[in-house]
Amino acid sequence: MSATIFPQDEAALSAAILNAAGPLQILGGGTRSIGWIPEGQKLSTAQLKGIVLYEPGALTLVAKTGTSIANIETALAAENQKLAFEPMDHRILLGTQGTPTLGGVMAANVSGPRRIQVGAARDFALGVSFVDGSGQILKNGGRVMKNVTGYDLVKLMVGSWGTLGVLSEVALKVLPVSETQATLKIYVSSWAQAVACMSAALGTPFDVSGAATIQDADGGLGVLIRVEGFEASIRYRIKELKTRLAKFGETEEVLNPWLEVRDIPSWASLDTVWKVSVRPTDALSVIAMMQDLQKDIGFKCQLDWGGGLLWLGLDFKQLCDVPFGLQLHKALQGAVGQLGGHTTLMKSGILSTQDIPHFQPLSRAVEIVSQNLRSKFDPRGILNPGRMS
Amino acid sequence: MDMPQPNSEILMKKAKIATALRTVLPHDAVIDDPSETRAYECDALTAYRCPPMIAVLPATTQQVSDVLKICHREGVPVVPRGSGTSLAGGALPTADCVILGVAKMSQVLETDYENRLIRVQSGRTNLSVSGAVEEEDFFYAPDPSSQMACAIAGNIAMNSGGAHCLKYGVTTNNLLGVTMVMMDGEIVEIGGGHLDSSGLDILGIICGSEGQLGVVTEATLRILPKPEGARPVMIAFDSNEVAGACVADIIKAGVLPVAIEFMDRPIIEICENFAKAGYPDCEALLIIEVEGSETEIQDQLDRICTIAQKHNPVELRQSQSDTESAAIWLGRKSAFGAVGQVADYMCLDGTIPVSALPEVLRRIKELSEHYGLRVGNVFHAGDGNMHPLIMFDANKKGDLELCEAMGADVLRLCVEVGGCLTGEHGVGIEKRDLMEDQYGAGDLEIQMAVKDVFDPGWLLNPAKVFPLSVSETRRA
């Protein structure tokens with residue numbers, strides 16, 4: 001395979017796609033090794049660099065997709081602003097190298113704990129430029145906050161993992177950094193109590209911006225509830241939340257844990273990690289099913305988004321049997337599919353060579369629509385073929 | 001405004017189609033008497049009217065599917081209709097179409113406070129979604145001005161916004177899932193109670209597709225706990241520029257109000273005459289609303305007022321009670337009605353980068369002088385979504401055309417400064433022919449290719465969104 005192509009500008013990106021003789025493996029910073037990595041010529045957006053426009057007073061930033069998230073966050077921090085959707089850095093969990101880029105975050109629709117309050121990466125993308133599978137340079141949306149001019153292809157492109165086109169530029173909505181944050185930890189006795197506690201917190205008018213549950217080293221469960229804003233307001237809301245959540249267990253205020261919640265670095269050594277999205281209270285039936293399937297060996301679990309996001313993990317010793325791993329994966333995707341949610345295999349040593357869907361299989365109708373959309377955007381089927389399967 | 005020539009073959013089949021529709025719907029849910037179809041001849045863009053061939057009012061998803069199967073088989077265009085409040089002509093019929101109204105589909109199917117969602121039939125009105133969860137102190141956030149009447153179906157079709165979307169986002173940010181019927185009658189579930197999509201974000205493309213990809217019959221919506229309280233401050237300035245600078249400073253300071261509304265002198269005067277809200281004599285007025293507990297509200301208002309004082313306001317009035325809040329909002333909320341009392345008007349909806357506000361207001365004034373038509377500006381300043389109201393006399397020959405021409409110039413101006421044609425009303429027929437000012441041929445082609453996937457025969461709301469000349473070969 002020839003060396004990775006690094007187009008220096010949009011025109012070169014267009015030419016690279018137009019002239020491609022076969023499948024392309026699209027890369028941003030190369031830090032998110034999720035899904036089937038297709039065979040093919042590597043094409044990276046990493047050299048499409050730079051912030052094109054930043055208007056703090058309009059809460060908008062436009063950047064080329066190879067721009068690193070770190071550079072964007074530095075520029076925003078100088079104006080006391082942030083990427084509100086809190087994109088996860090997958091490097092430690094997945095054991096990858098490289099530099100997370102704007103393009104990668106958008107292509108994979110990567111969000112973090114604040115997604116429950118403010119929305120996902122897709123909700124902060126105002127406009128995109130991209131090159132489709134025929135090499136055409138196209139755009140959709142713009143750089144203003146409200147825009148319903150024509151179809152919202154921005155949403156379609158975000159989270160399409162490079163299978164519809166290669167993003168070259170993205171306009172973002174950004175938000176002010178909060179003056180301060182505070183986090184309450186509630187020690188609960190069960191996953192059911194954890195979900196009930198998070199639901200209760202998110203049902204208050206106190207603008208909870210994070211609701212997660214972690215397993216402590218001793219196996220105990222801690223619900224984490226975050227509020228952000230001005231100091232006086234935070235004091236008030238923490239006090240109210242403490243009172244209202246006391247019935248779920250002992251509460252204490254803890255140091256900011258949200259980077260660990262977002263990136264789960266302590267799971268780096270696990271062999272297999274799944275990410276599950278369901279209706280928050282359905283998390284309990286997923287956990288029950290996992291417990292049922294492998295009572296003896298135990299598994300790791302973390303909840304975020306009020307329970308709507310489950311992280312499930314097993315280490316190699318627990319999962320040394322391939323058939324058992326396959327059985328678990330199939331059962332998870334089956335059960336979650338029944339619940340109307342989705343399961344993604346984030347990483348797995350033991351299942352890596354198995355012919356299984358890493359992304360949740362879609363309903364027949366949605367699958368057909370998706371295939372037909374891909375054939376319109378990429379008639380030759382050369383852009384990251386199979387990446388989302 | 002051109003609309004396609006009605007297909008005479010379809011018109012000749014009217015009786016047969018009506019009979020077929022009556023096999024799948026109750027008799028009174030099929031309306032084909034010309035004296036009754038006239039009720040569906042327009043939406044809120046009343047300058048354009050055309051009675052449909054037939055109107056149907058299904059009550060269930062299955063009935064919608066049955067109707068679409070018949071129309072698909074017979075090749076009849078279908079124009080979906082929520083409550084008919086579109087300001088862009090999104091529900092304007094063609095003479096050879098079946099209007100599919102969802103007005104009978106207004107049930108709440110599920111309320112789930114633990115998971116903060118509600119599932120409703122799409123004909124339910126926006127405000128009554130909030131009404132259904134009010135007893136538990138929840139609400140549905142998107143709040144278009146027409147929220148008393150407008151249906152969730154139309155909100156999804158147009159990706160509607162509202163005054164409070166600066167904080168809460170627009171429809172697409174509050175929509176979790178839909179049940180949709182494709183033009184061939186197939187019923188599809190997309191999204192649900194969970195967040196994000198495993199595959200392509202099909203939900204994202206459906207929201208805002210103006211009823212051209214499918215008919216949404218049920219929706220799962222995010223509901224939120226109501227804030228403890230809310231209170232506005234009204235700040236008056238002697239120039240638009242200064243008011244615009246004040247908005248930018250507030251946003252930069254990290255205060256994120258739930259709403260920042262901006263009114264210019266013509267609107268202030270008309271509203272004051274109409275509603276007697278007690279607005280001061282000034283060039284520009286801001287209404288800024290914040291939420292939280294009483295202490296939090298006061299803290300935020302203090303911060304806003306400190307910033308505003310640096311811009312030498314003519315007047316600054318903090319609401320101290322619900323009565324005062326209502327008075328401050330009264331003029332703004334009656335703006336459209338008040339303008340309607342003094343003239344016919346066209347309400348534009350372009351969005352601009354907030355930084356371009358002074359320039360755009362100055363150039364709109366120049367255009368107003370050039371065309372000899374009065375313009376008032378009332379808009380959501382926090383997100384740059386303008387609502388210039390161009391006043392004209394519908395009884396004066398040529399005035400509507402003059403108004404349309406000026407409206408087109410204003411929207412081109414929005415695009416020129418980095419904005420867009422429509423922020424929350426949608427393209428419909430109103431902005432259809434300006435799409436080439438915003439998008440290149442390839443950009444429009446790829447959007448039309450999306451419609452090809454969902455509706456290969458181009459039967460759903462076909463004469464909207466795309467310039468007729470651009471979509472002609474597909475509609476043929």
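The shown structure was predicted, so the numbers you read here are calculated from the model rather than taken from an experiment. Side chains included, hydrogens not; waters and symmetry mates left out as well; all remaining heavy atoms used. Throughout, a chain's letter reflects where its sequence line sits, starting with A, and its residues are numbered from 1.
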Original post:
Does A:D207 pair with B:K167 as a salt bridge, N-O distance under 4.0 Å?
Top reply: yes

Original post:
Side chain, backbone, both or neither: which part of A:I116 has a non-hydrogen atom closer than 4.5 Å to chain B?
Top reply: both

Subject >> Most chain A-contacting option - heavy-atom pairs closer than 4.5 Å, from B:E110, B:E136, B:K464 >> reply: B:E110

Original post:
How far does CG of B:D383 sit from NZ of A:K146, to the nearest 0.5 angstrom?
Top reply: 4.5 Å

**OP:** Provide the closest heavy-atom pair for A:Y236 versus B:S293 in the form atom of the first, atom of the second, distance.
**Re:** CE2-CB, 3.3 Å

**OP:** Count the heavy-atom pairs under 4.5 Å between each of A:A232, A:G306, A:P56, A:G308 and chain B, then report the option with the highest count.
**Re:** A:P56

Subject >> Structural part of B:L195 lying under 4.5 Å from a heavy atom of chain A >> reply: both

Original post:
Where the side chain of A:H342 meets the backbone of B:D196, is there a donor-acceptor pair that is under 3.5 Å apart?
Top reply: yes

Subject >> chain A contact via B:L213 - side chain, backbone, both or neither, heavy atoms under 4.5 Å >> reply: side chain

**OP:** Begin with the C-alpha distance, continue with both residues' side-chain angles, and end with the deciding distance and a verdict on side-chain contact (heavy atoms from CB on, under 4.5 Å) for A:V158 and B:D201.
**Re:** CA-CA 8 Å; A:V158 174; B:D201 189 354; over 6 Å; no

Subject >> Where A:L164 and B:L200 come nearest, the two heavy atoms and their spacing >> reply: CD1-CD2, 3.9 Å

Original post:
Which region of B:K431, side chain (C-beta onward) or backbone (N, CA, C, O), has a non-hydrogen atom less than 4.5 Å from a non-hydrogen atom of chain A, or is it both or neither?
Top reply: neither

**OP:** Against chain A, label B:N385 side chain, backbone, both or neither, depending on which of its atoms sit under 4.5 Å from a heavy atom there.
**Re:** side chain

Original post:
Which atoms of A:E179 come close to chain B, meaning under 4.5 Å heavy atom to heavy atom: side chain ones, backbone ones, both, or neither?
Top reply: side chain

Original post:
Under the 3.5 angstrom rule, does the side chain of B:Q447 hit a backbone N or O of A:Y151 as a donor-acceptor pair?
Top reply: yes

**OP:** State the CG-CD1 distance between A:N140 and B:I205, to the nearest 0.5 angstrom.
**Re:** 7.5 Å

Original post:
Heavy-atom distance under 4.5 Å to chain A: side chain of B:H425, backbone, both or neither?
Top reply: backbone

Original post:
Checking side-chain contact (heavy atoms from CB on, under 4.5 Å) for the pair A:Q136/B:E445: CA distance, chi angles, key distance, verdict?
Top reply: CA-CA 11 Å; A:Q136 286 193 93; B:E445 178 63 30; 5.9 Å; no

**OP:** Pick whichever of B:G423, B:G204, B:A248, B:G193 has the most heavy-atom pairs under 4.5 Å with chain A.
**Re:** B:G423

**OP:** Using non-hydrogen atoms and a 4.5 Å limit, figure out which bit of B:E189 sits close to chain A: side chain, backbone, both or neither.
**Re:** backbone

Original post:
Checking heavy atoms, do the side chain of B:E186, its backbone, both or neither come under 4.5 Å from chain A?
Top reply: side chain

Original post:
Hey, what do you get for NZ (A:K155) to OG (B:S197), rounding to the nearest 0.5 Å?
Top reply: 13.5 Å

Original post:
Which pair of non-hydrogen atoms, one from B:L166 and one from A:K173, has the smallest distance, and what is that distance?
Top reply: O-NZ, 4.0 Å

Original post:
Out of curiosity, A:T281 OG1 to B:D112 CG, how far, rounded to the nearest 0.5 Å?
Top reply: 5.5 Å

Original post:
Which heavy atom in A:T204 sits nearest to a heavy atom in B:P225, and how many Å separate them?
Top reply: O-CG, 2.9 Å

Subject >> Contacting region of B:M158 [heavy-atom separation from chain A under 4.5 Å] >> reply: backbone

Original post:
When rounded to the nearest 0.5 angstrom, what distance separates CG in A:N109 from OG in B:S198?
Top reply: 11.5 Å

**OP:** Could you walk me through whether B:V415 and A:T149 pass the side-chain contact (heavy atoms from CB on, under 4.5 Å) test, one step at a time?
**Re:** CA-CA 11 Å; B:V415 174; A:T149 317; over 6 Å; no

**OP:** Would you sort out whether A:N372 and B:F454 count as a side-chain contact (heavy atoms from CB on, under 4.5 Å), showing the intermediate values?
**Re:** CA-CA 9 Å; A:N372 289 342; B:F454 286 84; over 6 Å; no

**OP:** Answer with side chain, backbone, both or neither: which region of B:L256 has an atom nearer than 4.5 Å to a non-hydrogen atom of chain A?
**Re:** side chain

Subject >> Contact winner vs chain A - B:T172, B:V427, B:V170, heavy-atom pairs under 4.5 Å >> reply: B:T172

Original post:
Side chain, backbone, both or neither: which part of B:Y168 has an atom under 4.5 Å from a heavy atom of chain A?
Top reply: neither

Original post:
Taking all non-hydrogen atoms of both residues, which atom of A:P176 and which atom of B:G254 are closest, and how far apart?
Top reply: CB-CA, 3.3 Å

Original post:
With a 4.5 angstrom heavy-atom cut-off, which part of B:S355 approaches chain A: side chain, backbone, both or neither?
Top reply: both

Subject >> Portion of B:P353 that has a non-hydrogen atom of chain A nearer than 4.5 angstrom >> reply: both

Original post:
If you look at every heavy atom in A:P205 and B:K226, which pair is closest and at what distance?
Top reply: CB-O, 3.0 Å

Original post:
How far does CD of B:E296 sit from OG of A:S233, to the nearest 0.5 angstrom?
Top reply: 3.0 Å

Subject >> Winner by heavy-atom pair count (cut-off under 4.5 Å) against chain A, out of B:G442, B:S209, B:G192 >> reply: B:S209

Original post:
Using non-hydrogen atoms only, which part of B:Q438 is less than 4.5 Å away from chain A: side chain, backbone, both, or neither?
Top reply: both

Subject >> Polar side-chain atom of B:Y439 near backbone of A:G141 as donor-acceptor pair, under 3.5 Å >> reply: yes

Original post:
Counting heavy-atom pairs under 4.5 Å to chain B, which of A:G307, A:G119, A:A120, A:G203 comes out on top?
Top reply: A:G203

Subject >> Choice from B:D443, B:N159, B:V450 maximising heavy atom contacts with chain A below 4.5 Å >> reply: B:D443

Original post:
With chain B, which of A:K376, A:K139, A:R143 has the greatest number of heavy-atom pairs at distances under 4.5 Å?
Top reply: A:K139

Original post:
Contact part of B:L434 toward chain A, heavy-atom cut-off under 4.5 Å: side chain, backbone, both or neither?
Top reply: neither

Original post:
chain B heavy atoms under 4.5 Å from A:F377: which part of the residue, side chain, backbone, both or neither?
Top reply: both

Original post:
Given that the side chain runs from C-beta out, which part of A:S178 has a heavy atom under 4.5 Å from chain B: side chain, backbone, both or neither?
Top reply: neither

Original post:
For the candidates B:R303, B:Q300, B:Q212, B:E291, which exhibits the highest count of non-hydrogen atom pairs separated by less than 4.5 Å from chain A?
Top reply: B:R303

**OP:** Could you look at A:Q360 and say if it's the side chain, the backbone, both or neither that has a heavy atom under 4.5 Å from chain B?
**Re:** both

Subject >> Part of A:L202 within contact of chain B (heavy atom distance under 4.5 Å) >> reply: both

